[in-house]
K.L.:
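Sharing a structure with you now.
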Amino acid sequence: MSRIVISGASGDLGRRVTALLANADSRHELTLVTRTPDKLARRTLHEATVRHGDYQDPDSLDTAYEGGDVLFLISGLNLGRRIPEHRNAIAAARRAGIRHIVYTSVGGVNPGNPALSAKDHYQTELDLRGSGINYTIMRNSLYSEIVSKILVEPATATGVITQATGTGFLAPVAKDDVARCAADCLLTPGRHAGAVYEITGAELLDFDTIARIASSVYGVPIAYEEVTADQRLAFFDSVGIPRTYDPNMPPSPDGHLWASDELVSAEVAVAEGYQAVLSHHVKLITGREPESLQSVMERVKATRYDELDAAVS
């Protein structure tokens, strides 16, 4: 019986993947690692062990990963601090005897990508390749749920989606599709050893098209307005979103920790073509076609973004 360790298990993706693994017809044990074990205290999963682990505390990771065979390394949220945090996790995995790491990277990883998050993930991918541990890298596209709830839904009141994404394209992917891919990679790591997957949705879309989809779903006219990066930063300043990420800052009304330097750099990356990636890897891994953005938008339009994971909490 193998032991799968989920590092970052109390987050949305961690809970989705945990639910899939708990229901899988496979011989495995689960270790759920989180900075906040109390969030998982009421879990009654068969063969699940909850342990404290913090990417900033290597000693805690040594204990948390002990006895594991496969590690699901869900990337940290601390922009600009991810590289040393992920290095702590990889080093702890090596000391614990972990044989395979599945890592959640981001779509469009490239040394020239201006997105601040992509720079962190690019270095961690290099670190994984040099770690001596088998790995699978999942380059996840922007979540369809974020596009639907954070980028589109406010436009139902204003009639305008305002972005610094120019005429660039992206292929948003549903959270459940990402979770299913991750679960398969964890259950059959040998099949995915050394793979770098582009986990995308079904279509490459620009924001003119996304606006048309939103108009159809919500039944109101919505248009896309292209603005500059400086104009976007000024807008975020005006609504009180800080420029720089701080893990201690208060969450936004939707429950997320947003910083405008990361948000705007990601929009510029779309404008410059770094997110124009479309693959069939979701179907390759899971045997199922990915859910379309329109389907996700229809499914989540009546639910708050911070409540989308309620069904798997």
K.L.:
Does a side-chain N-to-carboxylate-O contact under 4.0 Å join Asp69 and Arg99?
P.N.:
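A salt bridge is present here (some side-chain N lies under 4.0 Å from a carboxylate O).
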K.L.:
Where the side chain of Thr36 meets the backbone of Asp38, is there a donor-acceptor pair that is under 3.5 Å apart?
P.N.:
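No; judged by distance alone, with no hydrogens or angles, the pair does not exist.
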K.L.:
Roughly how far, to the nearest 0.5 Å, is CD of Glu289 from CG of Asp177?
P.N.:
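Between atom CG of Asp177 and atom CD of Glu289 there are 10.0 Å.
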K.L.:
Starting from the C-alpha separation in whole Å, work towards a yes-or-no answer on side-chain contact (heavy atoms from CB on, under 4.5 Å) for Tyr103 and His121.
P.N.:
CA-CA 10 Å; Tyr103 174 64; His121 290 294; 2.7 Å; yes
K.L.:
Can you name the closest pair of heavy atoms from Tyr65 and Ala92 and give their distance?
P.N.:
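Of all heavy-atom pairs spanning Tyr65 and Ala92, the closest is CD1-CB, 3.8 Å.
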K.L.:
In sequence, state the C-alpha distance, the side-chain angles, and the governing distance for Phe236 and Leu263, and then conclude on side-chain contact (heavy atoms from CB on, under 4.5 Å).
P.N.:
CA-CA 9 Å; Phe236 287 128; Leu263 294 172; 3.9 Å; yes
K.L.:
Between the side chain of Gln275 and the main-chain N/O of Val270, is any donor-acceptor distance below 3.5 Å?
P.N.:
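Checking the backbone N and O of Val270 against the side chain of Gln275, no donor-acceptor pair under 3.5 Å is found.
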K.L.:
To the nearest 0.5 angstrom, please state how far the OG atom of Ser117 sits from the CG atom of Leu77.
P.N.:
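With rounding to 0.5 Å, OG (Ser117) is 11.0 Å from CG (Leu77).
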K.L.:
Given Ile285, which partner from the list His192, His280, Arg180 fulfils the side-chain contact (heavy atoms from CB on, under 4.5 Å) test?
P.N.:
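Considering His192, His280, Arg180, a side-chain contact (heavy atoms from CB on, under 4.5 Å) with Ile285 is found only for His192.
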K.L.:
Identify the two heavy atoms, one from Ala211 and one from Tyr224, that lie closest to each other, and give their separation to 0.1 Å.
P.N.:
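For Ala211 and Tyr224, the tightest heavy-atom pair comes out as CB-N, 3.9 Å.
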K.L.:
Within the structure provided, determine whether Pro58 and Leu61 are in side-chain contact (heavy-atom separation under 4.5 Å).
P.N.:
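When only atoms from C-beta onward are counted, Leu61 and Pro58 do not touch, as no gap falls below 4.5 Å.
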K.L.:
I'd like to know whether CZ of Arg288 has more than 12 heavy-atom contacts from other residues, nucleotides or ligands below 6.0 angstrom.
P.N.:
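Counting neighbours around CZ of Arg288, 12 or fewer heavy atoms of other residues, nucleotides or ligands fall under 6.0 Å, so no.
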K.L.:
Between Val282 and Cys181, is any pair of side-chain heavy atoms under 4.5 Å apart?
P.N.:
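Touching, per the 4.5 Å side-chain cut-off.
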K.L.:
Indicate yes or no: at least one non-hydrogen side-chain atom of Val33 is less than 4.5 angstrom from one of Val50.
P.N.:
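Of all side-chain heavy-atom pairs linking Val50 with Val33, none is under 4.5 Å.
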K.L.:
Scan Arg243, Arg82, Lys119, Arg232 and name whichever one has a salt bridge (Lys or Arg N to Asp or Glu O under 4.0 Å) with Glu262.
P.N.:
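Exactly one option meets the salt bridge (Lys or Arg N to Asp or Glu O under 4.0 Å) with Glu262, and it is Arg82.
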K.L.:
Show, in sequence, the C-alpha distance, side-chain angles and deciding distance for Arg16 and Asp12, and conclude whether the salt bridge (Lys or Arg N to Asp or Glu O under 4.0 Å) test is met.
P.N.:
CA-CA 6 Å; Arg16 290 172 190 264; Asp12 185 2; 2.7 Å; yes
K.L.:
Is there a donor-acceptor pair under 3.5 Å between the side chain of Ser215 and the backbone N or O of Ile222?
P.N.:
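Yes; at least one donor-acceptor contact below 3.5 Å.
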K.L.:
Got a donor-acceptor contact below 3.5 angstrom from the Tyr218 side chain to the Ile213 backbone?
P.N.:
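No, because the side chain of Tyr218 does not come within donor-acceptor range (under 3.5 Å) of the backbone of Ile213.
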K.L.:
What's the shortest heavy-atom distance between Ser265 and Ala115, and which atoms?
P.N.:
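Taking Ser265 first and Ala115 second, the nearest heavy atoms are OG-CA, 3.5 Å.
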K.L.:
Inspect the contact between Lys149 and Glu145 and indicate whether a charged nitrogen and a carboxylate oxygen are less than 4.0 angstrom apart.
P.N.:
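Not counted as a salt bridge, because no side-chain N and carboxylate O are separated by less than 4.0 Å.
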K.L.:
State whether Asp62 and Arg95 are salt-bridged, where the test is any N-O pair (Lys NZ or Arg NE/NH1/NH2 against Asp/Glu carboxylate O) under 4.0 Å.
P.N.:
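Looking at Asp62 and Arg95, the cut-off is met.
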K.L.:
Is the backbone of Leu293 close enough, under 3.5 Å, to the side chain of Ser144 for a donor and an acceptor to pair up by distance?
P.N.:
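No: the side chain of Ser144 does not pair with the backbone of Leu293.
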K.L.:
Applying a strict under-4.5 Å side-chain criterion to I, L, V, M, F, W and Y, I'd like to know whether Ile90 and Met138 cluster together.
P.N.:
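As far as the 4.5 Å side-chain criterion goes, Met138 and Ile90 are not connected within one cluster.
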K.L.:
To the nearest 0.5 Å, how far apart are NZ in Lys175 and CD in Glu291?
P.N.:
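Separation between the atoms: 12.5 Å.
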K.L.:
Quick one: do Asp184 and Arg191 make a salt bridge, cutoff under 4.0 Å?
P.N.:
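Looking at Arg191 together with Asp184, the answer is yes, because their closest N to O distance falls below 4.0 Å.
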K.L.:
Under a 3.5 Å threshold, yes or no: a donor from one side chain and an acceptor from the other, between Glu307 and Thr303?
P.N.:
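No - no donor-acceptor pair under 3.5 Å links their side chains.
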K.L.:
With a 4.5 Å heavy-atom cut-off, do Val300 and Leu308 have their side chains touching?
P.N.:
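Side chain of Val300 against side chain of Leu308, heavy atoms only: contact under 4.5 Å found.
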K.L.:
Establish whether Leu204 and Leu170 are linked, either directly or via other cluster members, by ILVMFWY side-chain heavy-atom contacts under 4.5 Å.
P.N.:
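No.
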K.L.:
For Thr200 and Ser141, which I'm curious about, is there any donor-acceptor pair between the side chains at under 3.5 Å?
P.N.:
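Their side chains do not contain a donor-acceptor pair, so the 3.5 Å distance test is not met.
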K.L.:
What do you reckon, is CZ of Arg35 surrounded by more than 12 foreign heavy atoms closer than 6.0 Å?
P.N.:
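Incorrect, the count does not exceed 12.
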K.L.:
Taking the side chain as every heavy atom from C-beta outward, state whether Thr49 and Leu32 have any atom pair closer than 4.5 Å.
P.N.:
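Result no, sub-4.5 Å side-chain heavy-atom pair not found.
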K.L.:
So which of Arg87, Glu85, His86, Arg129 actually passes side-chain hydrogen bond (donor to acceptor under 3.5 Å, both in side chains) with Thr124?
P.N.:
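Among Arg87, Glu85, His86, Arg129, the one that satisfies the side-chain hydrogen bond (donor to acceptor under 3.5 Å, both in side chains) with Thr124 is His86.
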K.L.:
Give me the atom names and distance for the closest heavy-atom approach of Ser148 to Val296.
P.N.:
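Closest approach of Ser148 to Val296, heavy atoms only: OG-CG1, 4.1 Å.
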K.L.:
Roughly how far apart are Phe72 CZ and Cys185 SG, rounded to 0.5 Å?
P.N.:
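Rounded to the nearest 0.5 Å, the CZ-SG separation comes to 8.5 Å.
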K.L.:
Under a plain distance cut-off of 3.5 Å, with no hydrogens placed, do Thr209 and Asp206 share a side-chain donor-acceptor pair?
P.N.:
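Their side chains do contain a donor-acceptor pair, which is all the 3.5 Å distance test asks for.
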K.L.:
Between Ile137 and Tyr197, is any pair of side-chain heavy atoms under 4.5 Å apart?
P.N.:
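Answer no - side chains too far apart.
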K.L.:
Let me confirm one number: the CZ-CD distance from Arg139 to Glu198, rounded to the nearest 0.5 Å.
P.N.:
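So the gap between those two atoms works out to 5.0 Å.
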K.L.:
Would Arg3 and Thr31 count as a side-chain contact (heavy atoms from CB on, under 4.5 Å) here? Give the steps.
P.N.:
CA-CA 7 Å; Arg3 179 170 290 276; Thr31 295; 2.6 Å; yes
K.L.:
In the structure I gave you, are the side-chain heavy atoms of Phe207 and Leu151 within less than 4.5 Å of one another anywhere?
P.N.:
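The answer is yes; the side chains approach within 4.5 Å.
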K.L.:
Please examine the side chains of Leu21 and Leu187, heavy atoms only from C-beta on, and report whether any two atoms are closer than 4.5 Å.
P.N.:
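They are in contact (side-chain heavy atoms under 4.5 Å apart), so the answer is yes.
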K.L.:
Between the side chains of Glu153 and Thr156, does any donor sit under 3.5 Å from an acceptor?
P.N.:
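Distance-only check fails for Glu153 and Thr156.
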K.L.:
Can you confirm whether more than 12 heavy atoms, excluding those of Glu66, are under 6.0 Å from its CD atom?
P.N.:
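Counting neighbours around CD of Glu66, 12 or fewer heavy atoms of other residues, nucleotides or ligands fall under 6.0 Å, so no.
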K.L.:
Apply the side-chain contact (heavy atoms from CB on, under 4.5 Å) test between Tyr55 and each candidate in Pro84, Ser60, Ser7; give the one that qualifies.
P.N.:
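It is Ser7; the other options fail the test.
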K.L.:
Following the transitive rule for hydrophobic clusters with a side-chain heavy-atom cut-off under 4.5 Å over Ile, Leu, Val, Met, Phe, Trp and Tyr, establish whether Ile83 and Leu71 coincide in one cluster.
P.N.:
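No; tracing contacts between hydrophobic side chains, which count when under 4.5 Å, never links both residues.
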K.L.:
Closest heavy-atom contact between Thr104 and Ser75?
P.N.:
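Closest heavy-atom pair between Thr104 and Ser75: OG1-N, 2.9 Å.
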K.L.:
Any chance you could measure Thr165, atom OG1, to Glu272, atom CD, to the nearest 0.5 Å?
P.N.:
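Atom-to-atom, Thr165:OG1 and Glu272:CD are 12.0 Å apart.
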K.L.:
Applying side-chain contact (heavy atoms from CB on, under 4.5 Å), run through Val196 and Thr136 and close with a yes or a no.
P.N.:
CA-CA 6 Å; Val196 178; Thr136 304; over 6 Å; no
K.L.:
Give me the atom names and distance for the closest heavy-atom approach of Leu128 to Ser131.
P.N.:
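Minimum heavy-atom separation between Leu128 and Ser131: O-OG, 2.7 Å.
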K.L.:
Taking Ile74 as the starting point, is it possible to reach Leu20 by hopping between hydrophobic residues whose side chains are less than 4.5 Å apart?
P.N.:
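Different clusters.
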K.L.:
Can Val109 be reached from Val178 by stepping across I, L, V, M, F, W or Y side chains whose heavy atoms are under 4.5 Å apart?
P.N.:
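No; tracing contacts between hydrophobic side chains, which count when under 4.5 Å, never links both residues.
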K.L.:
Does any donor atom in the side chain of Ser105 or Glu125 lie under 3.5 Å from an acceptor atom in the other side chain?
P.N.:
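Short answer, yes.
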